[in-house]
Amino acid sequence: MPANPLQAYENASKSTISGRELEASVLTKAANRLKECREKLGSTEHYPELADALKYNRMIWSIFQAELSKPDNPLPQPLKEQILNLSLFADKKTLEMMAFPSPETLESIIRINLNIAAGLRGSAGI
């Protein structure tokens, strides 16, 4: 994994895949990393891996927030507001998970990421 996820995101966006596919891909990657942590949740060695996965997830949602806040973002305002509200919820759940790890909170973060990724790909959610 690159040291700076933002740089990796920007580098990948220059490739041939579409922006929507890239966004779906990074959300899916974050969800998969969190799923791996779910299997180890509660064990003494889960924390470093979980902390890294949650940090990665927060970085992705921070990038979305920054992009949506740009004045030249082409999305309709109501859609931007809905996604920003969802990103705030994702942030809240991520911080909650950092403070009080629980399978339910982790599952909600995973589902958010996978459902948004599915929407970006134009497919049904989970």
Side-chain angles (χ1 to χ4, degrees):
M1 180 176 87
N4 183 345
L6 177 58
Q7 185 63 43
Y9 180 86
E10 289 173 348
N11 289 344
S13 70
K14 296 174 186 172
S15 69
T16 58
I17 65 172
S18 74
R20 290 175 69 106
E21 180 55 38
L22 174 62
E23 291 165 347
S25 179
V26 295
L27 284 167
T28 301
K29 179 179 178 179
N32 288 336
R33 289 182 68 186
L34 292 167
K35 282 181 180 181
E36 290 173 12
C37 294
R38 181 178 58 197
E39 306 304 319
K40 300 173 188 170
L41 197 60
S43 67
T44 55
E45 66 273 353
H46 87 270
Y47 190 76
E49 186 177 341
L50 177 62
D52 285 345
L54 291 169
K55 181 180 175 184
Y56 182 78
N57 193 65
R58 285 190 73 203
M59 176 66 72
I60 291 167
W61 284 100
S62 294
I63 292 168
F64 289 162
Q65 290 167 4
E67 289 299 314
L68 290 165
S69 299
K70 288 182 177 178
D72 62 342
N73 184 291
L75 290 176
Q77 190 62 30
L79 181 57
K80 285 195 284 190
E81 290 172 6
Q82 290 173 350
I83 297 171
L84 282 170
N85 285 335
L86 182 61
S87 74
L88 294 174
F89 181 77
D91 278 348
K92 177 183 171 190
K93 288 296 180 183
T94 301
L95 291 172
E96 182 180 318
M97 188 66 198
M98 290 172 148
F100 308 105
S102 77
E104 297 81 17
T105 303
L106 188 57
E107 189 61 33
S108 70
I109 298 168
I110 293 167
R111 286 188 174 278
I112 288 168
N113 287 4
L114 291 177
N115 281 316
I116 296 298
L120 288 164
R121 289 186 175 111
S123 59
I126 59 168

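The shortest distance between side-chain heavy atoms of I116 and E23 does not fall below 4.5 Å. Here the side chains of E67 and L75 are not in contact, with every heavy-atom distance at 4.5 Å or above. The shortest distance between side-chain heavy atoms of F64 and I60 falls below 4.5 Å. Contact check for E49 versus D52: no side-chain heavy atoms found under the 4.5 Å cut-off.
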CA sep, side-chain torsions, deciding dist, call: R33, E36, salt bridge (Lys or Arg N to Asp or Glu O under 4.0 Å): CA-CA 5 Å; R33 289 182 68 186; E36 290 173 12; over 6 Å; no
Could you go step by step and tell me if I63 and V26 meet the side chain to side chain contact (heavy atoms under 4.5 Å, CB included) rule? CA-CA 11 Å; I63 292 168; V26 295; over 6 Å; no
List the steps, then state whether side chain to side chain contact (heavy atoms under 4.5 Å, CB included) holds for L34 with Y56. CA-CA 10 Å; L34 292 167; Y56 182 78; over 6 Å; no
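Considering CG of L27 and CG of L114, their distance stands at 8.5 Å, rounded to 0.5 Å. In this structure, CG on D91 lies 4.5 Å from CD on Q65, to the nearest 0.5 angstrom. If you take CZ on R38 and CD1 on I110, they are separated by 4.5 Å, rounding to the nearest 0.5 Å. Here OG of S102 is found 7.5 Å from NZ of K93. Values are rounded to the nearest 0.5 Å. Here the straight-line distance linking atom OG1 of T105 with atom CG of L95 works out to 11.5 Å at 0.5 Å rounding.
Judged purely by atom type and a 3.5 angstrom limit, S25 has no side-chain atom pairing as donor or acceptor with the backbone of E21.
Pairing each heavy atom of R20 with each of G119, the nearest pair is NH2-O, 3.4 Å. Taking both residues in full, the closest heavy atoms of P101 and L41 are given as CB-CD1, 4.0 Å, listed atom of the first, atom of the second, then distance. The minimum heavy-atom distance linking M98 with K55 is given by the pair CE-N, 4.4 Å.
Residues satisfying the side chain to side chain donor-acceptor pair (under 3.5 Å) criterion with S62, sequence neighbours excluded, are absent altogether. Scored by the side chain to side chain donor-acceptor pair (under 3.5 Å) test, E81 finds Q77 as partners (sequence neighbours excluded).
For the side-chain contact (heavy atoms from CB on, under 4.5 Å) with W61, the lone residue among T94, L88, L84, N113 that qualifies is N113.
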